[in-house]
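Written out below as structure tokens is the structure these notes cover.
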Amino acid sequence: MTPSISPHPTDAELLAWLNGDATHSAHITHCPACLARVGVLSNEEQFLQANLYRADCPSAHELGEYELKLLPAFRINAIAAHVAHCPRCSQELALLRTFFTASPLPETGPSAAEQIRVIIARLLGDVRAGWQGPGAMQPVMAAMRGEEHKPQIYEAGDYQLTIEVLDDPINPGRRALFGLLIGEEAPALFEIQLWQGDHLVTYAPVDEYGNFSISDLMNESYDLKLIKPELEIRLEALRL
Amino acid sequence: MTSLQALAQQCAQETHRFFQRQAQNTRYCLELFHRAIVAKQEEAWELVYQQYEPQVTKWVLRHPSFPSTGETADYFVNLAFLRLWTAITPAKFAEFNDIKEVMRYLQLCVHSVIIDHLRARPSATIGFEEHEAQRILSEHGIRIDVKVLNKVQQEKLWEIIKTRLQNDKERFIFDCCYKLDMKPGEIFQQCGDQFRDVREIYRIKENILARLRRDKEIQAFLQQNAGKQQA
């Protein structure tokens with residue numbers, strides 16, 4: 001007895017079989033014509049998917065920048081509207097949040113800038129102009145300097161700062177900065193930094209006697225900062 | 001100029017304190033990243049890579065989608081740093097106030113390169129039954145050979161196709177099936193109120209494919225751009 005031959009499935013039914021919604025499975029797997037037809041449908045489906053998948057979606061990275069609030073307003077609005085109706089982008093966004101939650105970053109607490117007390121140094125005068133304030137200190141390098149240089153004296157809260165700029169003897173055409181910091185607390189806790197805008201150009205330690213020096217500097221303007229935990233002495237627009 | 005090595009050492013200490021949840025001053029790290037990313041100093045970039053590579057590797061391994069990529073962690077670590085290098089503009093970098101924000105962005109780079117990898121091969125999401133269908137086709141010598149067009153060609157193709165979709169239901173089904181890789185069963189599950197049953201969704205797909213297959217402009221476009229491909 002031969003089995004009854006069922007009619008060929010429609011393309012809709014072949015697509016269902018292809019997508020795992022098994023209908024007419026017995027017929028399809030034994031029918032060369034239907035298998036050939038499934039092959040055509042599969043090619044078409046995969047071609048469309050390979051070339052149009054996520055064509056309207058923002059990139060994963062832009063979606064992430066949206067989450068981190070790093071996008072301009074017009075993109076934020078566009079992506080918010082897209083995510084509201086796109087299940088894949090919603091899923092990816094949820095996945096990103098899961099990833100962030102699973103890989104937490106420590107809270108930074110108050111930023112360093114918030115914790116630091118800043119004192120702007122005030123120029124009192126230069127040593128040779130006759131200023132004879134408390135300490136009347138001079139940097140240890142003073143003996144090596146030519147007569148033409150004038151060490152500048154600054155006051156910053158409980159600290160006094162002497163700064164002198166010379167031609168760099170090792171690097172022709174460059175400048176060298178020498179300084180002395182005197183105050184109640186150990187100067188060695190400080191570090192000197194030179195900044196231009198938001199850019200840290202260079203830095204150096206302050207020794208136990210309060211001396212510091214930086215060489216090989218361009219003849220330009222710098223913001224000088226003497227920093228220790230919770231205190232920053234700032235001398236702005238120091239021209240070398 | 002500040003020695004890069006000294007800067008990297010300071011940054012390493014800051015980063016260590018950061019991950020130990022101690023208060024920290026992050027100016028050195030920001031400066032190192034600034035030199036690497038904004039000033040494009042190659043040596044600074046190498047130091048950034050050396051310093052953060054172990055942390056980025058941990059993040060790759062911890063990403064929920066990493067196991068389904070079939071790639072090594074190193075592969076994504078390299079891509080994540082490359083993404084960081086190319087994605088941060090000086091203006092964007094200027095918005096980072098501390099190392100936490102830079103680290104968060106680096107995490108985003110890890111996530112986006114993994115997701116990009118998965119987006120490029122949506123077939124990774126096909127289920128067992130579909131694999132079974134493909135196996136049966138393969139056993140009968142029926143080969144699936146999909147041509148991938150370039151971006152411009154893809155956009156042109158979509159411009160043509162969207163004028164061939166006749167109503168909102170077709171546009172919705174096309175988007176769900178081919179642009180979002182949703183199965184008809186999944187579509188019906190989420191939007192069952194719009195369709196009588198899942199068979200209606202298959203019938204709509206059937207109609208769309210038949211129309212595109214008959215369309216002379218589309219066939220000419222495919223012959224011109226994709227050899228023997230049909231759609």
Side-chain angles (χ1 to χ4, degrees), chain A residues 10-13 15-22 29 32 35-36 38-56 59-61 64-65 67-68 70 86-88 92 95-96 98-100 102-103 105-112 115 198-203 216, chain B residues 1-2 18-19 21 23 25-27 31 34 59 62-65 83 87 92 95 97-98 100 103-105 107-108 111-112 115-116 119 122 127 129-130 133 136-137 140 142 144 146-149 154 157-158 178-181 183-185 190 198-199 202-203 205-206 209-210 213 229-231:
Chain A
T10 64
D11 277 4
E13 289 164 335
L15 285 167
W17 181 79
L18 192 56
N19 278 267
D21 292 336
T29 52
L35 285 173
V38 168
V40 171
L41 292 169
S42 181
N43 246 322
E44 291 173 348
E45 288 227 287
Q46 291 192 38
F47 173 79
L48 289 171
Q49 198 176 72
N51 287 289
L52 298 175
Y53 181 63
R54 307 298 293 277
D56 295 334
S59 71
H61 197 80
E65 291 193 334
E67 174 69 9
L68 294 181
L70 291 172
C86 178
R88 290 288 179 254
E92 284 182 5
L95 187 69
L96 177 63
T98 302
F99 175 52
F100 281 166
S103 305
L105 296 172
E107 289 301 323
T108 49
S111 71
Q115 294 174 18
D198 294 332
H199 178 61
L200 173 62
V201 177
T202 186
Y203 65 93
D216 197 17
Chain B
M1 295 288 283
T2 301
F18 171 70
F19 283 107
R21 299 173 188 277
N25 178 341
T26 61
R27 66 170 73 88
E31 177 61 18
H34 179 275
W59 288 335
R62 206 176 289 165
H63 194 282
S65 296
R83 176 65 51 86
K92 209 176 283 176
E95 293 190 24
N97 294 309
D98 59 28
K100 181 181 180 182
M103 292 294 100
R104 190 58 98 195
Y105 198 86
Q107 284 185 328
L108 165 60
H111 168 83
S112 65
I115 296 300
D116 281 354
R119 279 192 187 189
E129 295 84 356
E130 295 161 274
I136 293 169
L137 290 176
H140 287 78
I142 297 168
I144 308 299
V146 176
K147 167 81 174 177
V148 179
L149 305 173
Q154 288 174 348
L157 176 68
W158 173 232
Y178 301 118
K179 298 175 99 176
L180 298 177
D181 189 29
K183 308 302 173 217
Q190 293 191 16
V198 74
R199 283 177 301 180
Y202 279 113
R203 279 195 296 275
K205 282 183 76 172
E206 177 185 28
L209 290 178
R213 198 180 303 128
Q229 283 302 326
Q230 294 183 337

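In what follows, every heavy atom counts, from backbone to side chain, and hydrogens, waters and symmetry copies are set aside. Below, read A as the first sequence line, B as the second, and so on, with proteins coming before strands; counting in each chain starts at 1. Quick caveat: nothing in here was measured; it's all calculated off a predicted structure.
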- Message: Distance check, rounded to the nearest 0.5 Å: A:Leu52 atom CG versus B:Trp158 atom CH2?
- Response: 7.0 Å
- Item | Greatest number of heavy atom pairs closer than 4.5 Å to chain A - which of B:Leu137, B:Val148, B:Leu180 | B:Leu180
- Note on the structure: Minimal heavy-atom distance between A:Pro87 and B:Gln190, with the atoms involved, is CB-OE1, 4.3 Å
- Task: Mind running salt bridge (charged side-chain N to carboxylate O under 4.0 Å, His left out) on A:Asp56 and B:Lys179 for me, showing each step along the way?
- Result: CA-CA 8 Å; A:Asp56 295 334; B:Lys179 298 175 99 176; 2.4 Å; yes
- Query: Is the NZ or CZ atom of B:Arg104 positioned over A:Phe100's six-membered ring, under 6.0 angstrom from the centre and within 45° of the axis?
  - Reply: yes
- Task: Considering only heavy atoms and a distance below 4.5 Å, find which of B:Arg83, B:Glu95, B:His34 pairs most often with chain A.
- Result: B:Arg83
- In terms of heavy-atom contacts, A:Leu15 and B:Lys205 come closest through CD1-CB, 4.0 Å
- Query: To the nearest 0.5 Å, how far apart are CZ in B:Arg203 and CG in A:Asp11?
  - Reply: 13.0 Å
- Message: For the CG atom of A:Leu48 and the CG atom of B:Leu209, what is their distance to the nearest 0.5 Å?
- Response: 6.5 Å
- Note on the structure: If you tally heavy-atom pairs under 4.5 Å between each of B:Leu108, B:Val198, B:Asn97 and chain A, the highest tally belongs to B:Leu108
- Item | N/O donor-acceptor pair under 3.5 Å between A:Asn51 side chain and B:Lys147 backbone | yes
- Task: Supply the atom-to-atom distance B:Tyr202 OH to A:Leu18 CG, rounded to the nearest 0.5 angstrom.
- Result: 8.5 Å
- Taken to the nearest 0.5 Å, the spacing of A:His61 NE2 from B:Tyr105 OH works out to 3.0 Å
- So A:Phe99 and B:His63, would you call those rings parallel, tilted or perpendicular, with 30° and 60° as cut-offs? tilted
- Student check: side-chain heavy atoms of A:Leu95 and B:Ile115 closer than 4.5 Å: yes
- Against chain B, label A:Leu68 side chain, backbone, both or neither, depending on which of its atoms sit under 4.5 Å from a heavy atom there. side chain
- Looking only at heavy atoms, which two atoms of B:Gln154 and A:Ala50 are closest? And how far apart? NE2-O, 4.0 Å
- Over all atoms of both residues, closest heavy-atom pair of B:Asp116 and A:Ala60: OD1-CB, 3.6 Å
- Query: Heavy-atom distance under 4.5 Å to chain A: side chain of B:Gln107, backbone, both or neither?
  - Reply: both
- Does the pair A:Glu13/B:Arg199 count as a salt bridge with the N-to-O cut at 4.0 Å? no
- Query: Hey, which of A:Ala102, A:Gly64, A:Ala36, A:Ala16 has the most heavy atom pairs under 4.5 Å with chain B?
  - Reply: A:Ala16
- Message: Between A:Gln49 and B:Asp181 (side chain of the first, backbone of the second, donor and acceptor by atom type, cut-off under 3.5 Å), is there such a pair?
- Response: no
- Under 4.5 Å from any heavy atom of chain B - which part of A:Glu65: both
- Task: Please report the shortest heavy-atom distance between B:Pro64 and A:Thr98, naming the atom on each side.
- Result: CG-CG2, 4.4 Å
